Amino acid sequence: MEYIPYLIIFSLILCISNLKQEINQTKSILNKIASKLEINTISDELQQELKNLILNDQYVKAIKKYRIDTGNGLKESKEYIDSLKVSIQKDNNKS
């Protein structure tokens with residue numbers, strides 16, 4: 001009987017972990033949909049900060065900042081920063 005509280009706590013931790021995983025998967029799917037529809041899902045302030053980091057060749061910091069602010073995984077964050085870099089390069093070539 002002494003172990004029942006521990007089992008309850010363990011079960012709750014497991015449930016929370018599963019919920020976090022499902023939330024991250026849902027975010028990833030929504031971000032992919034938004035990307036295909038060309039919908040901007042981040043604030044203008046964050047976008048500008050990420051652009052500044054990219055322009056200063058601080059790609060790792062940009063990826064980390066995006067990961068922290070959006071909760072996305074490393075792969076999704078790198079893909080977003082890479083696409084933002086391409087976008088910046090296209091804008092610079094137009095000028």
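Note that these values count all heavy atoms, side chains included, but never hydrogens, waters or copies made by symmetry. Note that the structure is predicted; figures quoted are calculated from it, not measured.
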Validation: residues 1-11 side-chain donor-acceptor distances under 3.5 Å, sequence neighbours left out:
from: Ser11; atom 1: OG; to: Leu7; atom 2: O; distance (Å): 2.9

Item to check | Straight-line distance of Leu19 CG to Asn24 CG, nearest 0.5 Å | outcome: 11.0 Å
Item to check | Spatial distance of atom NZ (Lys75) from atom CD1 (Ile63) [nearest 0.5 Å] | outcome: 14.0 Å
Item to check | hydrophobic_cluster_shared for Ile81 and Leu53, side chain cutoff 4.5 Å | outcome: no
Checklist entry - Side chains of Asn52 and Gln48: donor-acceptor distance under 3.5 Å anywhere? => result yes
Checklist entry - Roughly how far apart are Lys78 NZ and Lys85 NZ, rounded to 0.5 Å? => result 8.5 Å
Checklist outcome for this item: What one should report as the nearest heavy-atom pair of Arg67 and Ser77 is CG-OG, 2.7 Å
Item to check | Close side-chain approach of Gln47 and Leu84, heavy atoms under 4.5 Å | outcome: yes
Checklist entry - Is a side-chain N or O of Ser87 found less than 3.5 angstrom from the main chain of Ser83, in a donor-acceptor match? => result no
Item to check | Gap separating the CD atom of Glu22 from the OG atom of Ser17, nearest 0.5 angstrom | outcome: 10.0 Å
Next on the checklist: Is there a path of hydrophobic side-chain contacts, each under 4.5 Å between heavy atoms of I/L/V/M/F/W/Y residues, joining Ile54 to Leu74?
Outcome noted: yes
Checklist entry - Does Leu50 share a hydrophobic cluster with Leu55, counting links as ILVMFWY side-chain heavy atoms below 4.5 Å and allowing steps through other members? => result yes
Next on the checklist: Please determine whether residues Leu46 and Tyr59 belong to a single hydrophobic cluster, defined as Ile, Leu, Val, Met, Phe, Trp and Tyr linked transitively by side-chain heavy-atom distances below 4.5 Å.
Outcome noted: yes
Item to check | Straight-line distance of Asp69 CG to Glu45 CD, nearest 0.5 Å | outcome: 10.5 Å
Next on the checklist: Checking Asn72 against Tyr66: is there a side-chain donor and acceptor pair closer than 3.5 Å?
Outcome noted: yes
Next on the checklist: If you define the side chain from C-beta out and look only at heavy atoms, does anything of Val86 sit under 4.5 Å from Asp82?
Outcome noted: no
Item to check | Gap between atom OG1 of Thr70 and atom CD1 of Ile42 - 0.5 Å precision | outcome: 8.0 Å
